[in-house]
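Okay, so here's the structure we're looking at.
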Amino acid sequence: MKVIKILAALVGGLPNTITLLIASFIFSSLIGIGVAFLSLQDDKVGKSVSRVYIGLVRGTPPLLMLLLTYYGLPKLLSFIGIDSNNWAKIIFGIFGLSVGWGGYMAEAFRSAYLSVDEGQIKAAYSVGMTGETALREIILPQAFLIAIPNVENLLIGLLKATSLVYVIGLADMYQNASNLSNVNQGVYQLKIFIILALIYWILASLIEWGFRTYQSHFAHVEA
Amino acid sequence: MPLLTVNQLDKTVDNNHILKNIDFQISKGEVIVVIGPSGSGKTTFISNLNFLNNADKGEMNFRDKKIDLSSPKKDDVLWVRRHIAMVFQNYNLFKNKTALENITEGLIHGQGKSRDEANQIALEELKNVGLSEKKDAYPSQLSGGQKQRIGIARATALKPDIILFDEPTSALDPELVGTVVQDMDHLAQQGQTMIVVTHLMSFAKKVATKVLFFADGAILESGTPDQIFNHPKEKRTKEFLSAIAEDR
């Protein structure tokens, strides 16, 4: 089988892979910010909720998270009168990955926030800033930069995790590769999977390049 | 009439009695130098004057306003910080801001000045410390001495009644100490009221109007530089002065 034919079949799954990656990245970041915020409050309830969430998510394999979402979410939704039977599978994929990655994102943001040098906060207060202004002008911008390397790792991890959506029957690149291998009785499977690996590697390299470029703009800010 | 009076400032952390009923006052134009062994409470003391940590007990009287040091009102804290500036041992310049922005942040967000006005003041301050050409540099691109001079400019730009210096030269390489001390000398000559925690005895001898010797969280002895350096009364003061190297 020609490389170009394999490539065409695999790339057919690329839109789903990219959609899953981008949407899950956005939602898991939002969940992460929210949970990190809760975990940093003095409020005991918020702290406990965030700790339980992070604990559950970190202790659940991503594959299982997708299965739980696919089979469990419709049941939960039906309790509140929402019928999700006709929802596209990709919604469950995005949901499962977002919830699964949100816990890691929360940890990345929380630890970055706590890594901001206390002297920076003291200086902000000493020049007369309020707590909110210090947060906006000094703490969050620095925490954001500290979080970037971890977020990059998580995004690459998420890219690879998108290949797990085959368990809910979603046609991403991996699912296409697997199907192509099967219909050819496994004759070309090594060739197919090498090509698939190369595509993931290119995507991961693009992410790395993007982060490197972004970070180079902030090279003058020592973390 | 003193500008700032502190009565019975007391603080304990984890059973360590860090500040023991400190009484203190400073008048306009005075330069008070605080010396003493490490761990004697000097930094905690001046941090308290800027509400950067909380006291357990004590009262501040600043510009005729009484403020409880153990549970100050939020507005009072902001008001005091607007009038009492601080220079830190490790500079604590905002890492994500340029030299110019480091100076304008307090003017804009603390004092409510417009960006234009703040920029003008900041440029003037940078000129005063001879660092105009570094206005767009970030802290990571500056030497320790330059950082501290910008730290001082950040404080003076606020036109504060008092500037607190927490060991401003301790983190500097010896050859960079001179320029920072020069800036501080200059400020003192202009009549700036200052409280300086330092090990620089030459600065204390030359500039201080009064020297406080801290030991174990209390002011053990105080007096003019001549009294403290040439005729110390307390044994601990004598030991400290003979133990420290001249101008470390």
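In the text below, chain A, chain B and the rest are named by the order of the sequence lines, each starting its count at 1.
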Within 6.0 angstrom of [X] [atom1], more than 12 heavy atoms from elsewhere:
X      : atom1 : value
B:R63  : CZ    : yes
B:K28  : NZ    : no
B:K66  : NZ    : no
A:F218 : CZ    : yes
A:F27  : CZ    : no
A:Y53  : OH    : yes

At a heavy-atom separation under 4.5 Å, does [X] approach chain A through its side chain, its backbone, both, or neither?
X      : answer
B:L158 : side chain
B:F94  : both
B:N96  : both

- Interface residues of residues 128-146 of chain B facing chain A - non-hydrogen atoms under 4.5 Å apart: B:Y138, B:P139, B:S140, B:Q141

- Query: Applying a criterion of heavy atom separation less than 4.5 Å, what residues of residues 104-111 of chain B form contacts with chain A?
  - Reply: B:E105, B:G106, B:H109, B:G110

- Which heavy atom in A:N16 sits nearest to a heavy atom in A:A171, and how many Å separate them? ND2-O, 2.9 Å

- Task: Provide the closest heavy-atom pair for A:D172 versus A:S163 in the form atom of the first, atom of the second, distance.
- Result: OD2-CA, 3.3 Å

- Message: Just to verify, which of B:E125, B:Q190, B:E124 counts as forming a side-chain hydrogen bond (donor to acceptor under 3.5 Å, both in side chains) with B:T156?
- Response: B:E125

- Query: Any side-chain heavy-atom pair from A:V49 and A:V35 closer than 4.5 angstrom?
  - Reply: no

- Verdict with supporting geometry, B:F24 and B:F45, ring pair (Phe, Tyr, Trp, His ring centres under 6.0 Å): CA-CA 10 Å; B:F24 169 86; B:F45 168 63; 5.1 Å; yes

- Heaviest contributor of heavy-atom pairs below 4.5 Å to chain B, chosen from A:A124, A:A134, A:G131, A:A219, is A:A124

- Message: Parallel, tilted or perpendicular: which one describes the rings of A:Y174 and A:Y166, with boundaries at 30° and 60°?
- Response: tilted

- Measure A:S126 against the heavy atoms of chain B and call it side chain, backbone, both or neither at under 4.5 Å. both

